[in-house]
Amino acid sequence: MSYESPLSRVELLAGADGLSKLTNTKIIVFGTGGVGSWCAESLARSGIGQMTIVDNDVVMPSNMNRQLMAGTDTLGEPKVNVLAERLLKVAPHCHVCPRQETYSVETALTFDLQSYDYVVDAIDSLENKADLIYRVGQMEQTKIFSSMGAALKIDPCQVRVADFWQVKTCPLARALRKHLRANGMIVPEGRVACVYSTESGHNKREATDSRGKRINGTLAHITAIFGFTLAGLIVEDVLRGVKPD
């Protein structure tokens, strides 16, 4: 490989076999917001060869402070379409499949989760997130990496990684575990690696959306760190056991 080619520096670090493993890895990313968008780009730039990105939303002005593909020129466009265009520009080797859909209990079977090597969970909805964690948590071959709550955080030094059942001080993780237990949805320990923060944050002022739902403040560096960490965990897992050239 020419050392001026797009993936040459990935190959220097991962080796030829490692790069081959990365380009043959198939990933699906659920949620392309402040966490999922940065995760998807990092995976694509790191050599992942096949990626499906799933999100039903369009780009809004409120996305511009933290979401990779949000800009004045993309307002109103489907997030997955804009992100797919960007990924193809920065990682032309990557086959990207955008799906402007919502993952839910009703749509779960349309995604053929077992056909993927890895699932990235960057979903906001508690019920849908719990269902995805539960379903993939039962699978032997497909691995899931999940983002807990990245809102209300400022301190990058408090971002951590832990098994789903060992996540501390995160209200979202606590609510997810409560929901799973209440519905008899058993997720074995050691099956779901999570990125979370130990920081206890709060808004300086209160705000609600048109439905009266509370809006939480977010910052780009925290959501990006969450996304990059998820991507890093996957790349590390793919390359585990690869021998030096």
Side-chain angles (χ1 to χ4, degrees), residues 1-57 59 63-64 66-71 73-74 77-101 103 111-113 115-123 132 136 142-147 150 161 193 195 220-240 242:
M1 176 181 290
S2 166
Y3 291 110
E4 294 302 322
S5 65
L7 296 178
S8 60
R9 300 200 180 201
V10 176
E11 185 186 27
L12 284 172
L13 185 62
D17 287 346
L19 180 58
S20 177
K21 287 188 69 175
L22 289 166
T23 56
N24 284 289
T25 295
K26 187 178 181 183
I27 296 176
I28 185 167
V29 178
F30 288 101
T32 60
V35 173
S37 60
W38 297 100
C39 178
E41 171 144 338
S42 183
L43 289 168
R45 287 183 183 267
S46 297
I48 295 301
Q50 299 181 66
M51 194 185 319
T52 299
I53 51 176
V54 183
D55 198 306
N56 192 47
D57 285 343
V59 178
N63 303 149
M64 291 171 62
R66 70 197 184 282
Q67 298 185 13
L68 177 67
M69 62 287 175
D73 60 334
T74 59
E77 296 185 35
K79 290 181 181 180
V80 290
N81 291 351
V82 179
L83 182 58
E85 289 178 9
R86 177 178 171 86
L87 295 181
L88 291 174
K89 290 177 182 178
V90 302
H93 70 277
C94 187
H95 176 74
V96 182
C97 174
R99 294 181 60 168
Q100 190 185 7
E101 302 173 48
Y103 176 91
F111 291 101
D112 191 16
L113 297 172
S115 70
Y116 295 92
D117 300 299
Y118 297 94
V119 171
V120 174
D121 161 37
I123 294 175
L132 181 63
V136 185
T142 304
K143 296 183 179 181
I144 181 169
F145 291 83
S146 179
S147 172
V161 176
V195 179
H221 69 280
I222 294 295
T223 60
I225 289 171
F226 270 56
F228 288 148
T229 303
L230 289 167
L233 292 170
I234 291 173
V235 170
E236 182 182 30
D237 194 75
V238 172
L239 297 179
R240 188 170 287 117
V242 173

**Item:** Check against side chain to side chain contact (heavy atoms under 4.5 Å, CB included), L19 and L7
**Value:** CA-CA 8 Å; L19 180 58; L7 296 178; 4.0 Å; yes
Using the side chain to side chain contact (heavy atoms under 4.5 Å, CB included) rule, take F145 and I234 through it: C-alpha gap first, then chi angles, then the decisive distance, then the call. CA-CA 8 Å; F145 291 83; I234 291 173; 3.6 Å; yes
List the steps, then state whether side chain to side chain contact (heavy atoms under 4.5 Å, CB included) holds for I144 with L132. CA-CA 9 Å; I144 181 169; L132 181 63; 4.1 Å; yes
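A search for side chain to side chain contact (heavy atoms under 4.5 Å, CB included) contacts involving D57 returns D55, K79, not counting sequence neighbours. Legend: residues meeting ring pair (Phe, Tyr, Trp, His ring centres under 6.0 Å) with F226, ordered by chain and number and at least two apart, are absent. In terms of the salt bridge (charged side-chain N to carboxylate O under 4.0 Å, His left out) criterion, residue partners of E101 (sequence neighbours excluded) are, by chain and number, R99. Contacts of K21 classified as salt bridge (charged side-chain N to carboxylate O under 4.0 Å, His left out), with partners at least two apart in sequence or in another chain: none. Contacts of Y116 classified as ring pair (Phe, Tyr, Trp, His ring centres under 6.0 Å), with partners at least two apart in sequence or in another chain: none.
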Review item, side-chain donor-acceptor pairs of residues 83-98, under 3.5 Å, at least two apart:
unit_1	atom_1	unit_2	atom_2	d
R86	NE	E41	OE1	2.5
R86	NH2	E41	OE1	3.4
R86	NH2	E41	OE2	3.0
H93	NE2	A44	O	3.3
H93	NE2	I48	O	3.1

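Between F30 and L113, the closest side-chain pair of non-hydrogen atoms falls below 4.5 Å. Taking the side chain as every heavy atom from C-beta outward, I27 and T52 never approach each other to under 4.5 Å.
With T23 contributing its side chain and G47 its backbone, the two residues share no donor-acceptor pair below 3.5 Å. At distances below 3.5 Å, at least one donor-acceptor pair connects side-chain atoms of T223 with backbone N or O atoms of G34.
The minimum heavy-atom distance linking V29 with M51 is given by the pair CG2-SD, 4.0 Å.
Taking 4.0 Å as the cut-off between side-chain N and carboxylate O, K143 and D117 do not count as a salt-bridged pair.
Looking at N56 and Y103, their side chains never bring a donor and an acceptor atom within 3.5 Å of each other.
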